[in-house]
Number of protein chains: 2
Amino acid sequence: MFLPANPCNLNCPSRDVLDLIASKWVILILCCLQQGPVRTGELMRQVGGISQKMLTQTLRDLERDGFVERISHPEVPPRVEYQLTDLGRSLSELARSVEQWVVGNYPVILEKRRKTAAAPGRSSARHLD
Amino acid sequence: MFLPANPCNLNCPSRDVLDLIASKWVILILCCLQQGPVRTGELMRQVGGISQKMLTQTLRDLERDGFVERISHPEVPPRVEYQLTDLGRSLSELARSVEQWVVGNYPVILEKRRKTAAAPGRSSARHLD
DNA sequence: CTGAATCCAAGAAGATACTG
DNA sequence: CAGTATCTTCTTGGATTCAG
């Protein structure tokens with residue numbers, strides 16, 4: 001069992017894990033949680049564009065898989081915090097790397113994107129003739 | 001310009017880049033291309049579960065953003081290869097890291113998932129009382 | 001062989017309103 | 001404040017067909 005794990009294999013269970021991780025929201029949430037426990041509302045504010053539904057849903061997934069822990073303070077009004085587990089902290093380092101890569105490289109990409117958009121169709125170029 | 005780039009901001013252009021990168025198919029394809037130029041059919045075989053449409057579509061996106069280059073050999077039958085650019089190679093290192101993280105950690109995650117599934121509802125647990 | 005184009009189903013994601 | 005439920009919208013992805 002667990003021998004030749006390979007996310008490229010459709011039936012390898014590791015593919016399921018990749019499916020969860022390869023998500024915009026997961027990456028951004030993990031990055032936000034690196035600073036320490038964060039409240040739900042604060043997460044909503046930090047992760048721009050996420051809906052409350054997606055936030056809750058993603059946090060449930062992360063909780064189920066052991067990336068985050070939910071801390072419910074028995075107060076009124078209710079206060080809930082989320083914090084990384086050891087596993088989550090490990091993955092968050094990768095998330096941070098991705099975020100930083102994007103920050104460091106997006107200007108080049110955007111420029112390439114503009115150039116390609118302005119250029120003529122691909123069919124007339126890049127042939128080995 | 002390009003000062004406080006932050007993918008957390010919905011309107012920051014870097015978010016667009018994150019949107020593309022945070023994709024299962026992108027990660028797997030970049031990993032496959034690390035070995036060198038690969039033909040389309042070979043990619044289809046290696047990346048389990050990808051449809052021809054998604055493969056082509058993803059390759060177009062990667063090409064547009066400067067991650068891969070399309071090499072069309074003027075032969076019959078036609079032969080097309082894709083290879084990483086320098087930018088793509090840079091990102092593929094990260095993709096590889098993610099893949100390896102998944103391979104190394106998925107057994108723990110799967111076990112946690114099973115335990116959580118078997119456990120009672122969350123509402124009755126993990127309160128600070 | 002490659003891949004573009006179409007149609008269609010399934011699921012993700014957004015908006016809103018409501019409960020504790 | 002935190003979370004759920006519902007409804008709607010729309011992107012994703014699969015199957016098929018056709019062209020170079």
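The figures here come from the full heavy-atom set of this structure, side chains too, leaving out hydrogens, waters and symmetry mates. To find a chain, count down the sequence lines: A is the first, B the second, and so on, and within it residues start at 1. Since this is a predicted model, take the numbers as computed values, not measurements.
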Do any side-chain nitrogens or oxygens of [X] fall under 4.0 Å of OP1 or OP2 in [N]?
X      : N      : value
Y82(B) : dT2(C) : no
R70(A) : dG3(D) : yes
R39(B) : dC1(C) : no
T56(B) : dT2(C) : no
T40(A) : dG3(D) : yes

Specify the separation, in whole Å, of atom [atom1] of [X] and atom [atom2] of [N].
X      : N       : atom1 : atom2 : value
L55(A) : dA12(C) : CG    : P     : 17 Å
R60(A) : dA12(C) : CZ    : P     : 17 Å
K24(A) : dA12(C) : NZ    : C1'   : 11 Å
H73(B) : dG20(D) : NE2   : C1'   : 18 Å
I50(B) : dA15(D) : CD1   : P     : 13 Å
I29(B) : dG13(D) : CD1   : P     : 11 Å
D61(A) : dG3(D)  : CG    : P     : 14 Å
R15(B) : dA13(C) : CZ    : P     : 12 Å

Side chains of T85(B) and E69(B) only: does a donor on one sit below 3.5 Å from an acceptor on the other?
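T85(B) vs E69(B): no donor-acceptor pair found between side chains.
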Are the charged groups of R96(B) and E99(B) less than 4.0 angstrom apart, N to O?
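Yes, charged N to carboxylate O under 4.0 Å.
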Rounded to the nearest 0.5 Å, what separates atom CD1 in I50(A) from atom CG in L28(A)?
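Going from the CD1 atom of I50(A) to the CG atom of L28(A) covers 8.0 Å.
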Between E111(A) and R114(A), does the salt bridge (Lys or Arg N to Asp or Glu O under 4.0 Å) criterion hold? Intermediate values first, please.
CA-CA 5 Å; E111(A) 189 178 351; R114(A) 259 186 290 110; 5.3 Å; no
Please determine whether salt bridge (Lys or Arg N to Asp or Glu O under 4.0 Å) holds for the pair R113(A) and D65(B), giving the CA-CA distance in whole Å, both sets of side-chain angles, and the decisive distance to 0.1 Å.
CA-CA 5 Å; R113(A) 206 179 276 193; D65(B) 285 2; 2.8 Å; yes
With a 4.5 Å cut-off on side-chain heavy-atom distances among I, L, V, M, F, W and Y, is there a chain of contacts connecting [X] to [Y]?
X      : Y       : result
I21(A) : V108(B) : no
L94(A) : F67(A)  : yes
L91(B) : V103(A) : no

Given 3.5 Å as the limit, does a donor-acceptor pair link the side chain of S23(A) with the main chain of D19(A), or not?
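No, S23(A) side chain to D19(A) backbone: no donor-acceptor pair under 3.5 Å.
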Return the polar atom pairs (N/O with N/O) between nucleotides 6-12 of chain D and the protein under 3.5 Å, or none.
none

Closer to the 5' end of DNA chain D via nearest nucleotide, is it P78(A) or Q52(B)?
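By nearest-heavy-atom nucleotide position, the 5'-most residue is P78(A).
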Using C1' atoms of five pairs at each end, report the bend of the helix from dC1(C)-dG20(D) to dG20(C)-dC1(D) rounded to 10 degrees.
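The end-segment axes of the helix from dC1(C)-dG20(D) to dG20(C)-dC1(D) are tilted 40° relative to each other.
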